[in-house]
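Have a look at the structure below, then the notes.
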Amino acid sequence: MKPTVAILGAGALGEILAGGLLRAGWSPDDLSLADRREERCSELTERLGVVCHLDPVLAAAGKRVVVVVVKPKDVPGLLEQIKDDIEPGQVVLSLAAGVPLSVYEKALGEAAVVRGMPNTPALVDEAITAYAPGKHVSEEALNEVASVMEAVGKTVVLDEQLMDAVTAVSGTGPAYVYLLAEALTDAAIREGLPRHAAQLLVDQTLKGTGALLAETALSPIKLRAQVTSPGGTTAAAVHVLEESGFRAAIEDAVRAAAERSREMGEAAGNASGVAGE
Ligand SMILES: NC(=O)c1ccc[n+]([C@@H]2O[C@H](COP(=O)([O-])OP(=O)(O)OC[C@H]3O[C@@H](n4cnc5c(N)ncnc54)[C@H](OP(=O)(O)O)[C@@H]3O)[C@@H](O)[C@H]2O)c1
């Protein structure tokens, strides 16, 4: 059975999640939204047919899964609003980047809390969400959280200490791929391809390669070996990329994103009086 869901914070990700749940068969009656801007609330109710409250307590009332989708800086304020109204049967799923479970557990006491990190391919039901359960989460609650996030893609359970790395790899990951797409499109145009053809070649290459990676059991090394003939074009191109530090640049970028996520978590912990991880 599909758990009822409240989405607190009806911004970009909140809307994506609500849309995904509706596509996955949730009834609008089993969902609720909360946002602090009246016009945003009415716009979403009109578009999605889901009730939207200005008061997050009203949105959360009676819902099994309460998803927190506000910016990290707004989490302490939101917790202050809902802290006395979370019931034992409810599970709070935080999608706020970098905010530790300890911030929620301090504000909400014994409440079941799960920290998750999805990514924007949720818009086309191709997200990956990693999530970490807090201290008071039952198996049933964890299954409910999984079913909510599986509406927009795949899921994996990990320890909370790995969430900054997850943020850096898959949360931020789409931006790395967009940058690659931009660079490859520019390179294609430089080689004389018309823009529309360059975009089509790049988009479909990324989509097809992603599908191969996800759908075959082969590692990227094996898949790359399959397209690398001795003395051929791929070998020449990969040599240039390796020599230019492509691999090290990716590793440094991921390290920088993970460190930033850690700093944001510490700031959120400090703002709420709880030390970050
Ligand atoms: N977008 C992504 O790709 C992505 C991916 C993974 C995780 N996340 C996480 O998801 C969270 C939301 O991101 P977003 O991009 O969707 O942000 P967003 O577009 O700013 O949406 C947040 C919404 O929540 C509203 N809000 C803030 N405090 C509230 C309160 N107390 N009660 C009701 N509504 C409240 C905001 O109103 P105002 O406009 O007035 O501020 C805004 O409409 C962030 O913590 C982010 O780290 C995002």
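Whatever order the structure lists ligands and atoms in, that order sets their numbers, starting from 1. In this chain, numbering begins with 1 at the start of the sequence shown. The figures here come from the full heavy-atom set of this structure, side chains too, leaving out hydrogens, waters and symmetry mates.
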Whether Arg40 side chain and Ala10 backbone form a donor-acceptor pair below 3.5 Å: yes
Arg115 vs Val99 side-chain heavy atoms within contact, under 4.5 Å: no
Test of proximity, Arg40 against ligand 1: N or O pairs below 3.5 Å: no
Trp26 side-chain N/O to Gly19 backbone N/O, donor-acceptor pair under 3.5 Å: no
For atom 21 (O) of ligand 1, the protein heavy atom that lies nearest, with its residue and separation: Gly11 CA, 3.1 Å
For atom 42 (C) of ligand 1, closest protein heavy-atom neighbour: Asp35 OD1, 3.6 Å
Electrostatic pair Asp125-Arg23, nearest N-O below 4.0 angstrom: yes
Heavy-atom neighbours of Glu38 CD exceed 12 at 6.0 Å: no
Short N or O distance, Arg36 and ligand 1, threshold 3.5 Å exclusive: yes
N/O separation below 3.5 Å, Ala12 to ligand 1: yes
Check: Met149 and Val152 side chains under 4.5 Å, non-hydrogen atoms: yes
Carboxylate-amine/guanidinium contact Lys63 Glu144, below 4.0 Å: no
Option nearest atom 6 (C) of ligand 1 (shortest heavy-atom distance, choices Pro118, Pro76, Pro121, Ala127): Pro118
SB check Glu126 Lys207 (cutoff 4.0 Å): no
N or O contact, Val70 vs ligand 1, cut-off under 3.5 Å: yes
Under 3.5 Å donor-acceptor, Thr45 side chain and Val51 backbone: no
Closest candidate by heavy atom, reference atom 13 (O) of ligand 1, pool Arg37, Lys71, Glu80: Lys71
For atom 22 (C) of ligand 1, the protein heavy atom that lies nearest, with its residue and separation: Val69 O, 3.5 Å
Protein heavy atom at shortest distance from atom 24 (O) of ligand 1: Gly9 CA, 3.2 Å
Short N or O distance, Gln81 and ligand 1, threshold 3.5 Å exclusive: yes
Polar contact flag for Ala97 and ligand 1 (N/O pairs, less than 3.5 Å): yes
Flag, side chain of Ser32 to backbone of Ala59, donor-acceptor distance under 3.5 Å: yes
Gly171 near ligand 1 by a heavy-atom separation under 4.0 Å: no
Heteroatom proximity flag, Leu13 to ligand 1, N/O under 3.5 Å: yes
For atom 7 (C) of ligand 1, the protein heavy atom that lies nearest, with its residue and separation: Leu95 O, 3.4 Å
Donor-acceptor side-chain pairing of Thr185 and Gln199 below 3.5 angstrom: no
Close approach of Pro72 to ligand 1, heavy atoms, under 4.0 angstrom: yes
Proximity flag Thr120 to ligand 1, non-hydrogen atoms under 4.0 Å: yes
